[in-house]
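Beneath this line is the structure, given in structure tokens, with notes to follow.
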Amino acid sequence: MGRIAFRAWRRGFREADLVLGPFVDQVGPTLDATELDALEALLAQDDDHQLYAWIIGTEPTPAAHETALMAKIRAFMRDHVAAAVAEGAG
């Protein structure tokens, strides 16, 4: 998980870092091999703004990345953002 965590936390676009980093830290250890492969493919994307747009649903996600993993990331993001707002963020 070390390399994946590094790539998740250092996307170069803070909003993506703040979703993908905590996701990998908290959910990553529970992912199966197929989900880890999907995560690595997702993290291989160069355009962080586009990747974030897929996560938040403002741009259509390519079929290759519209996976159960993406659904987990989106659910995590909703829960993570709700928790951060409840703690006073935003």
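We use all heavy atoms of the structure for the numbers below, so side chains are in, but hydrogens, waters and symmetry mates are not. Since the structure is predicted, the reported quantities are computational estimates derived from the model, not experimental observations.
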_Pair Gln45, His65: side-chain N/O donor-acceptor within cut-off below 3.5 Å_ =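 Yes, His65 and Gln45 have a side-chain donor paired with an acceptor closer than 3.5 Å.
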_ILVMFWY cluster, Leu18 and Leu20 together (side-chain gap under 4.5 Å)_ =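 No, no single cluster joins them.
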*Are Phe6 and Val27 linked, directly or through other ILVMFWY residues, by side chains that come within less than 4.5 angstrom of each other?*
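Different clusters.
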What donor-acceptor contacts under 3.5 angstrom involve side-chain atoms of residues 50-59, with partners at least two apart or in another chain?
from: Trp54; atom 1: NE1; to: Pro60; atom 2: O; distance (Å): 3.4

_Using the side-chain contact (heavy atoms from CB on, under 4.5 Å) criterion, which residues pair with Arg3? Sequence neighbours excluded._
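Testing Arg3 for side-chain contact (heavy atoms from CB on, under 4.5 Å), a comparison that skips the adjacent residues, returns Arg7, Glu40.
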*Out of curiosity, Ile73 CD1 to Arg78 CZ, how far, rounded to the nearest 0.5 Å?*
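Result: 11.5 Å between the selected atoms.
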*Please report the C-alpha distance between Trp9 and Val24 in whole Å, then the side-chain angles of each, then the deciding distance to 0.1 Å, and finally whether the side chain to side chain contact (heavy atoms under 4.5 Å, CB included) criterion is met.*
CA-CA 9 Å; Trp9 274 106; Val24 168; 5.8 Å; no
*Where is the tightest heavy-atom contact between Leu43 and Arg11, given as atom of each residue plus distance?*
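It is O-NH1, 2.8 Å.
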*Heavy-atom closest pair, residues Asp25 and Ala5*: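 In terms of heavy atoms, the two residues are closest at OD1-CB, 4.4 Å.
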*Is Asp46 atom CG crowded by more than 12 heavy atoms from other residues, nucleotides or ligands, each under 6.0 Å away?*
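Check fails, neighbour count at 12 or below.
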_Counting only heavy atoms not in Phe13 (residues, nucleotides, ligands), do more than 12 fall under 6.0 Å from its CZ?_
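Yes.
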Using a 4.5 Å cut-off on heavy atoms from C-beta on, say whether the side chain of [Y] contacts that of [X].
X     : Y     : value
Thr67 : Leu42 : no
Phe23 : Lys72 : yes
Arg74 : Thr61 : yes

